[in-house]
Enquirer: 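Once you've had a glance at the structure underneath, I'll fire off some questions.
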Amino acid sequence: MPTCRAAAARARLPPTGQSELMRLSNYFLPTLKENPAEAQIVSHRLMLRAGMIRQTSAGIYAWLPLGHRVLKKIEQIVREEMDRAGAIELLMPTLQSADLWRQSGRYDSYGKEMLRIQDRHEREMLYGPTNEEMITDIFRREVKSYRDLPRNLYHIQWKFRDEIRPRFGVMRGREFLMKDAYSFDLDEAAARRSYQKMFISYLRAFSRMGLKAIPMAADTGPIGGDMSHEFIILAETGESEVFCDRTLVDMPAPGDEVDYDADLTPVIEQRTSLYAATDEKHDAAKFEADVPADNRLSARGIEVGHIFFFGTKYSEPLGALVAGPDGKDVPVQMGSYGIGVSRLLGAIIEASHDEDGIIWPESVAPFKVGLINLKSGDADTDAACAKLYATLTKAGVEVLYDDRDERAGAKFSGMDLIGLPWQLVVGPRGLKNGVVELKERATGNREELSTEAAVKKLVG
RNA sequence: CGGGGCAUAGCGCAGUCUGGUAGCGCACCUGGUUUGGGACCAGGGGGUCGCAAGUUCGAAUCUUGCUGCCCCGACCA
């Protein structure tokens, strides 16, 4: 009965992602005490120091285990919010054929940012900087009728744009992970609804990551109108100058009760009626006329998402036609919606850190709890830690256990650096009195509790 | 792509001007003392000084070329 044996073997494996390997003594977390010279901004420095990434070429990074965990968390939040809004996940390749791009006319117009490659047959290929052509191609082959609309297809895939000057770590890398969604509708009114769904979905996704993202009017290119927004996180190190009504900053995102089938216009107008623009779209006169002086906020921001409607820009040249109710073929109305997944790590750190290190919002933290054994080798302390580790892990709490034979100070500062939301500190002195210490990274608040109370607090 | 800078041990740097065969701090290894906020003592390992050519008795150091990385600008999720 080989199947049974296999099942039994599988049952003995630890649950996904959580095992004894999450002991720091056999994990892979190369932290740095000093700042690498090449890192200029705080998020880049902290990501290097916290052992999250290492640069392999200009603007190209390897994701070390800690960084990889955060990347996956962010990716998952984006995925859940896309799915909730009715988008459908697929996965397109990173390498594309030049032919498609010739059809859309972008092969020549895209310029040197596009990384062009030849295969062994000297066929022209490219490493995709985006996927409008490819998704349109996939769509046009299969969808012929308005009855199959609307559809919104997305993937989360690595992109490459050969930036002239990559900088700021993962905020402006050449290779980056991006979620890009593409909507297909019969007419512009329907396309507007698709756009609105993404708008709401973005507000929710960023909010779940602990970010205050502000939608700002963006350039719509040849189409015009109000159908393009950038989602901006305010940060000193942001690349663009932004202007908006202060009210927008703390406006809460739509909650779980949001109904994507209902009319979303009021929710969106609540935001778009207030002034918000990046420097390219900024109109100083309008800003002063529309926004009371006290509410005028001019700051710097990081673009973490961009949504836009572009109508038939690709469907027409690529021949993505569907039959309407009248039986006549029309090009589909399309929109595309990007989120810079890898860039978000930098953005979150820019928005959430202090002089000691990163402060992860719980939803994207690589682990929820850092368990600190203050005296590895001490039988009682080891036993207490092992028990806490097992209990928490069993309850589904992600724990990174620092069981190394290091001094207390090194463990404290290391944990502060990597920024896990909670530090559970266990030492012989406390155990003698039946207590452990729980420190909240964000506030620095510490409290002494019984192990049971600490577990309850972390599990609850 | 234009302007500027840097390249010496895993990280941060000195040594280059004035050529004589490589050093400091952190990290790492061994032993000991320590142990509640990045310890101390002693010993030790690790470098074709980015690459190539040239000048010279001799090059990390001078010359030329190349490469990589960083900063400022134009461009972008």
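We name chains A, B, ... by the order of the sequence lines, and we start the count at 1 in each one.
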Enquirer: Looking at the side chain of A/Ser57, which of B/rG36, B/rC69, B/rC76 is the nearest nucleotide?
Expert: B/rC69
Enquirer: Is a side-chain donor-acceptor pair under 3.5 Å present for A/Ser183 with A/Tyr337?
Expert: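 On atom types as modelled, these side chains qualify, holding a pair under 3.5 Å.
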Enquirer: What is the separation between atom CZ on A/Arg404 and atom C1' on B/rA27, rounded to the nearest whole Å?
Expert: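 My rounded result for the distance is 13 Å.
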Enquirer: Paired with B/rG45: which nucleotide, if any, by Watson-Crick or G-U wobble criteria at under 3.5 Å for both distances?
Expert: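 Paired with B/rG45, as far as the under-3.5 Å criterion goes, is no nucleotide at all.
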Enquirer: What is the nucleic acid contact for A/Gly427, judged by heavy atoms within less than 4.0 Å: base, sugar-phosphate only, or nothing?
Expert: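 Contact class for A/Gly427: base.
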Enquirer: When we call it a touch if two heavy atoms are under 4.0 Å apart, what does A/Thr130 touch: a base, just sugar-phosphate, or nothing?
Expert: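 No contact at all - A/Thr130 keeps every heavy atom at 4.0 Å or more from the nucleic acid.
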Enquirer: Under 4.0 Å, counting only non-hydrogen atoms across every strand here, what does A/Glu38 touch: a base, just sugar-phosphate, or nothing?
Expert: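 Sugar-phosphate: the residue A/Glu38, judged by heavy atoms under 4.0 Å, touches backbone atoms but no base.
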Enquirer: Please determine if A/Glu236 and A/Arg300 form a salt bridge, counting it only when a charged side-chain N lies under 4.0 Å from a carboxylate O.
Expert: no
Enquirer: How far does the P atom of B/rG25 sit from the matching atom of B/rA42, given to the nearest Å?
Expert: 11 Å
Enquirer: Rounding to the closest angstrom, what is the interatomic distance between B/rC24 and B/rC49 at atom C1'?
Expert: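 Straight-line distance between the two C1' atoms is 16 Å.
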Enquirer: B/rC76, B/rG37, B/rG73: which one has an atom nearest the side-chain heavy atoms of A/Arg165?
Expert: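 Taking heavy atoms from C-beta onward, the closest nucleotide is B/rG73.
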Enquirer: Out of A/Thr94, A/Leu177, A/Asn131, which residue meets the side chain to side chain contact (heavy atoms under 4.5 Å, CB included) rule with A/Lys159?
Expert: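 In the set A/Thr94, A/Leu177, A/Asn131, the residue that makes a side chain to side chain contact (heavy atoms under 4.5 Å, CB included) with A/Lys159 is A/Asn131.
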Enquirer: Less than 4.0 angstrom between a side-chain N/O of A/Arg429 and OP1 or OP2 of B/rU35, yes or no?
Expert: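 No, A/Arg429 has no side-chain N/O under 4.0 Å of OP1/OP2 on B/rU35.
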Enquirer: Just name whichever nucleotide pairs with B/rA39, Watson-Crick or G-U, keeping both distances under 3.5 Å, else none.
Expert: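 Partner of B/rA39: B/rU33.
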Enquirer: What distance, rounded to whole Å, do you find between the two C1' atoms, one in B/rC6 and one in B/rA60?
Expert: 15 Å
Enquirer: Tell me what A/Glu230 touches on the nucleic acid: a base, only sugar-phosphate, or nothing, going by heavy atoms under 4.0 Å.
Expert: nothing
Enquirer: Do any side-chain nitrogens or oxygens of A/Gln55 fall under 4.0 Å of OP1 or OP2 in B/rC70?
Expert: yes
Enquirer: Which part of the nucleic acid does A/Arg54 contact within heavy-atom distance under 4.0 Å: base, sugar-phosphate only, or nothing?
Expert: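 The answer is nothing, as A/Arg54 stays clear of every strand by at least 4.0 Å.
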Enquirer: Would you kindly compare A/Thr56 and A/Pro36 by the position of their nearest RNA chain B nucleotide and give the one closer to the 5′ end?
Expert: A/Pro36
Enquirer: Could A/Arg271 and A/Phe199 be counted as a cation-pi pair, given that NZ or CZ must be under 6.0 Å from the ring centre and within 45° of the axis?
Expert: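 Verdict for A/Phe199: no cation-pi partner in A/Arg271.
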Enquirer: Whole angstrom is fine here: how far is it from CD in A/Glu406 over to P in B/rU34?
Expert: 18 Å
Enquirer: Write down the partner of B/rC24 under the Watson-Crick or G-U wobble criteria, each distance required to be under 3.5 Å.
Expert: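 WC or wobble partner is B/rG12.
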Enquirer: Which of these passes side chain to side chain contact (heavy atoms under 4.5 Å, CB included) with A/Pro254: A/Leu264, A/Ile268, A/Ile200?
Expert: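 Of all the options given, the one that passes is A/Ile200.
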Enquirer: Of all the choices, B/rC69, B/rA74, B/rG12, which nucleotide is nearest to the side chain of A/Ala37 once you look at every atom?
Expert: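 Of all the options, the side chain of A/Ala37 is nearest to B/rG12.
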Enquirer: Classify the nucleic acid contact of A/Val341 as base, sugar-phosphate or nothing, counting any heavy atom under 4.0 Å across all strands shown.
Expert: nothing
Enquirer: With a non-hydrogen cut-off below 4.0 angstrom, is A/Asn35 in contact with a base, only sugar-phosphate, or nothing?
Expert: sugar-phosphate
Enquirer: Is there a Watson-Crick or G-U wobble partner for B/rC6 with both distances under 3.5 Å, and if so, which one is it?
Expert: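 Checking every strand shown, B/rC6 finds its partner in B/rG68, with both distances under 3.5 Å.
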Enquirer: For B/rA39, does OP1 or OP2 lie under 4.0 Å from any side-chain N or O of A/Arg407?
Expert: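 For B/rA39, OP1 or OP2 has a side-chain N or O of A/Arg407 closer than 4.0 Å.
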Enquirer: Could you tell me whether A/Ala410 contacts a base, only the sugar-phosphate backbone, or nothing, with contacts defined as non-hydrogen atoms closer than 4.0 Å?
Expert: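 A/Ala410: base contact, heavy atoms under 4.0 Å.
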Enquirer: Of the listed nucleotides (B/rG36, B/rA77, B/rG38), which one gets closest to any side-chain atom of A/Ser413?
Expert: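 Among B/rG36, B/rA77, B/rG38, the one nearest the side chain of A/Ser413 is B/rG38.
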Enquirer: Which value, in whole Å, describes the distance between the P atoms of nucleotides B/rC75 and B/rC28?
Expert: 46 Å
Enquirer: Pick the nucleotide of RNA chain B nearest each of A/His306 and A/Lys112; which residue has the one closer to the 5' end?
Expert: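 Its nearest nucleotide lies further toward 5', so the answer is A/Lys112.
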Enquirer: Using atom types as modelled and distance alone, determine if a side-chain donor or acceptor of A/Ser352 lies under 3.5 Å from a backbone N or O of A/Ile348.
Expert: no
Enquirer: With heavy atoms under 4.0 Å as the rule, sort A/Gly430 into base, sugar-phosphate or nothing.
Expert: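 Contact class for A/Gly430: base.
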Enquirer: Which nucleotide in the list B/rA77, B/rC69, B/rG36 gets nearest to the side chain of A/Ala58?
Expert: B/rC69
Enquirer: What's the gap between B/rU8 and B/rG12 when it is taken at their C1' atoms, as a whole Å value?
Expert: 12 Å
Enquirer: Taking the P atom of each, how far is B/rG32 from B/rU48, in whole Å?
Expert: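 The answer is 33 Å between these two P atoms.
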Enquirer: Remember a base hit wins even if backbone is also touched, and classify A/Gly444 as base, sugar-phosphate or nothing at under 4.0 Å, heavy atoms.
Expert: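 The residue A/Gly444 makes no contact with any strand.
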Enquirer: Just to confirm, is there a sub-4.0 Å distance from OP1 or OP2 of B/rU35 to any side-chain nitrogen or oxygen of A/Lys375?
Expert: no
Enquirer: Now, which nucleotide makes the Watson-Crick or G-U wobble pair with B/rA77, with each of the two distances under 3.5 Å?
Expert: none
Enquirer: Suppose you measure atom P in B/rA52 against the same atom in B/rU18; what distance do you get, rounded to whole Å?
Expert: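 The same atom, P, in both gives a distance of 26 Å.
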Enquirer: Can you find an N or O donor on one side and an acceptor on the other, under 3.5 Å apart, linking the side chain of A/Arg446 with the base of B/rG37?
Expert: yes
Enquirer: Work out which heavy atom in A/Asp380 is nearest to a heavy atom in A/Leu431; give both atom names and the distance.
Expert: O-CD1, 3.9 Å
Enquirer: Taking atom P in both B/rC51 and B/rA9, what distance in whole Å separates the two?
Expert: 11 Å
Enquirer: Is any side-chain heavy atom of A/Leu392 less than 4.5 Å from a side-chain heavy atom of A/Leu424?
Expert: yes
Enquirer: Rounded to the nearest angstrom, tell me the gap between atom CZ in A/Arg167 and atom P in B/rG4.
Expert: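 In whole Å, B/rG4 P lies 18 Å from A/Arg167 CZ.
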Enquirer: With a non-hydrogen cut-off below 4.0 angstrom, is A/Arg174 in contact with a base, only sugar-phosphate, or nothing?
Expert: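 A/Arg174: no heavy atom of the nucleic acid under 4.0 Å.
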